[in-house]
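Whatever order the structure lists ligands and atoms in, that order sets their numbers, starting from 1. Quick caveat, the model's predicted, so the values are computed rather than measured. We number each residue from 1, following the sequence as shown.
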Amino acid sequence: MTADFKALEDLSKRYLRFAVVEAQGNSPLYERLAAFISHSPEILQFLASLPADRRQPNLFLAAVRHVAGVLKDGDGLAAVLRERAQEVRQVILSRTTQTNEPARCAVLLPLLAQLPQPLALLEVGASAGLCLLPDRYGYDYGTTSLRPAGPVRHRLPVFPCRASPTTPVPSALPEVVWRAGLDLNPIDVHCEADVAWLETLVWPGQEDRAERLQEAIGIARQDPPPVRRGDIFEDLETVASEAPKEATLVVFHSAVLSYLPDQRKREAFATAMIQSRAVWISNESPNVFPALARQAPEPRAAGNFLLAVDGTPVAWTGPHGQSIDWIAGAGPEA
Ligand SMILES: C[S@@+](CC[C@H](N)C(=O)[O-])C[C@H]1O[C@@H](n2cnc3c(N)ncnc32)[C@H](O)[C@@H]1O
């Protein structure tokens, strides 16, 4: 069955946007491939034949890479799809984009450090739970660097994060006494196939990021953070009720709520969070809470996430935790 013209046009725009907004400056290969796809009727037809929630550039490009390795150009991509479309389809239908980016801990840290310690961390949409270990990694903010105390038995990832001058970069790591994750499909750090998929989700050209992901997985394997199978709406309260009362409960999420297309559900979640006893940290694309984004001053770089605490925007952040630009007047500044 051939897709209608409108569906193909929408897909073309989506891939072109991915090329120029998301991939540009981050992965030259994905920028080229996504631009090629946006002009390829053959590949757009393939994408249109997938369920609507399985057409994302990130998922398609990772699936092709999982099947055929890193390709050189669009012609190579078209050839793979002609010869191995069923295999690519199979990966797309059996996996989701669960990119777990531990570097995002670098942008959470300025907020975590300001809270009364110790902390109980609950991450919704945790994937493998690598963002639940902010106290076990190293960070380099340019002017300040932080490392966990005590011996490290595994190679330590050190996440570089460009911090704007007013960002309250912490001088110590937080004290975490309890942690738990919730995910529709938890990734097991001890499962080779799961880990291979996580690694495939890191874009070509970002080898440093891939190396730090492997290091973070090594840290997590020593004492994996518990990530429970469950839904953000159905199961959050139950998990939260298990957190120790004497610790500051922090519920956080990054790159998760864009998977919930229903804006009313997002708003209901936000209301429940504000009314809860937990400190709520959201690190999401600004499209997720447009009203919050309107409160945050421009300029910000294209593709940046908005970091907010209890419904108040505090910083623009690089989507992979690579930068943090504190918003003037958003609480204690450096
Ligand atoms: C892109 S990953 C982000 C992982 C992690 N938060 C990070 O920043 O590295 C999004 C995760 O959210 C999970 N997810 C999506 N919708 C969910 C829901 N309704 N309830 C729980 N988890 C969900 C997905 O399974 C996926 O693992």
Side-chain angles (χ1 to χ4, degrees), residues 18 22 53-54 56-59 61-62 94-109 111-112 121-134 136-137 157 159 161 179-189 191 194-195 197-203 206 209-210 212-217 219-220 224-240 250-270 272-273 280-285 287-288 303-308 317-322 324:
F18 178 85
E22 297 187 45
D53 64 348
R54 299 289 163 137
Q56 311 98 299
N58 219 0
L59 179 59
L61 291 166
S94 61
R95 291 278 179 188
T96 53
T97 49
Q98 292 195 265
T99 308
N100 200 183
E101 182 46 82
R104 292 183 180 131
C105 289
V107 303
L108 300 176
L109 224 53
L111 288 178
L112 297 179
L121 297 181
L122 200 175
E123 183 184 15
V124 288
S127 185
L130 300 179
C131 294
L132 281 163
L133 306 173
R136 298 205 194 141
Y137 305 136
F159 298 114
C161 180
R179 56 193 110 216
L182 192 60
D183 201 285
L184 288 178
N185 181 37
I187 293 264
D188 177 357
V189 289
C191 168
D194 277 7
V195 165
W197 177 243
L198 274 192
E199 290 175 0
T200 307
L201 287 167
V202 176
W203 299 354
Q206 302 197 320
R209 213 182 127 204
R212 290 190 289 266
L213 172 68
Q214 284 166 358
E215 290 167 347
I217 289 169
I219 298 277
V227 180
R228 200 170 303 174
R229 188 176 297 276
D231 179 80
I232 188 172
F233 292 104
E234 311 288 323
D235 306 296
L236 178 56
E237 230 176 279
T238 310
V239 183
V250 182
V251 173
F252 70 99
H253 48 88
S254 62
V256 174
L257 293 195
S258 41
Y259 291 87
L260 310 174
D262 185 341
Q263 187 61 28
R264 280 167 311 178
K265 286 189 101 176
R266 292 179 188 160
E267 301 296 343
F269 174 75
M273 281 292 96
W280 169 45
I281 298 179
S282 166
N283 184 40
E284 298 282 348
S285 154
N287 305 329
V288 164
N304 265 11
F305 283 5
L306 185 60
L307 182 70
T317 64
H320 296 130
Q322 67 274 43
I324 178 163

Report the C-alpha separation of T96 and N185 in whole Å, then their side-chain angles, then the decisive distance to 0.1 Å, and conclude whether the side chain to side chain donor-acceptor pair (under 3.5 Å) test is met.
CA-CA 9 Å; T96 53; N185 181 37; 4.8 Å; no

Tell me, with the steps shown, if C161 and V107 meet side-chain contact (heavy atoms from CB on, under 4.5 Å).
CA-CA 8 Å; C161 180; V107 303; 4.2 Å; yes

Take L306 and N283, measure what side-chain contact (heavy atoms from CB on, under 4.5 Å) needs, and give me the verdict at the end.
CA-CA 6 Å; L306 185 60; N283 184 40; over 6 Å; no

Determine, step by step, whether F305 and E284 satisfy the side-chain contact (heavy atoms from CB on, under 4.5 Å) criterion, reporting the C-alpha distance in whole Å, the side-chain angles of both residues, the deciding distance to 0.1 Å, and the verdict.
CA-CA 5 Å; F305 283 5; E284 298 282 348; 5.6 Å; no

Full working for side-chain contact (heavy atoms from CB on, under 4.5 Å) between T99 and S127:
CA-CA 7 Å; T99 308; S127 185; over 6 Å; no

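In the vicinity of T97, heavy-atom distances shorter than 4.0 Å reach the ligand 1 atoms 1 (C). Short contacts between ligand 1 and A255, defined as distances under 4.0 Å to a heavy atom of the residue, involve ligand atoms 1 (C), 2 (S), 3 (C), 10 (C). Every atom of ligand 1 is numbered from 1 in the order shown, and the set under 4.0 Å from a heavy atom of N100 is 5 (C), 7 (C), 9 (O).
At the shortest separation from atom 15 (C) of ligand 1 among protein heavy atoms lies Y259 CB, 3.9 Å. Nearest to atom 20 (N) of ligand 1 among the protein's heavy atoms is I232 N, 3.0 Å. Given atom 7 (C) of ligand 1, the protein heavy atom at minimum distance is R104 NH1, 3.1 Å. Protein heavy atom in closest approach to atom 8 (O) of ligand 1: S254 OG, 2.5 Å. D231 OD1, 2.9 Å is the protein heavy atom nearest to atom 19 (N) of ligand 1.
Within the 4.0 Å heavy-atom criterion, the part of L260 lying near ligand 1 is the side chain and not the backbone. Residue contacts with ligand 1, taken as heavy atom pairs separated by less than 4.0 Å, do not involve H253 at all.
When G230, P319, P102 are ranked by how near their heavy atoms come to atom 21 (C) of ligand 1, first place goes to G230. Comparing N283, T99, D183, V227 against atom 24 (C) of ligand 1, the shortest heavy-atom distance belongs to D183. The residue from C131, A103, S127, G125 that puts a heavy atom closest to atom 5 (C) of ligand 1 is G125.
Between V256 and ligand 1 there is a heavy-atom distance shorter than 4.0 Å. At least one heavy atom of L184 sits closer than 4.0 Å to an atom of ligand 1.
Taking the six-membered ring wherever Trp is involved, the centroid distance between the rings of H253 and F269 falls below 6.0 Å.
E199 and Q214 make their closest contact through OE2-CG, 3.3 Å (heavy atoms, listed as atom of the first residue, atom of the second, distance). Scanning both residues, C131 and P102, for their nearest heavy atoms gives SG-CA, 4.1 Å.
With hydrogens and angles disregarded, no donor-acceptor distance shorter than 3.5 Å links the side chain of R179 to the backbone of P226. With Q322 contributing its side chain and H320 its backbone, the two residues share a donor-acceptor pair below 3.5 Å.
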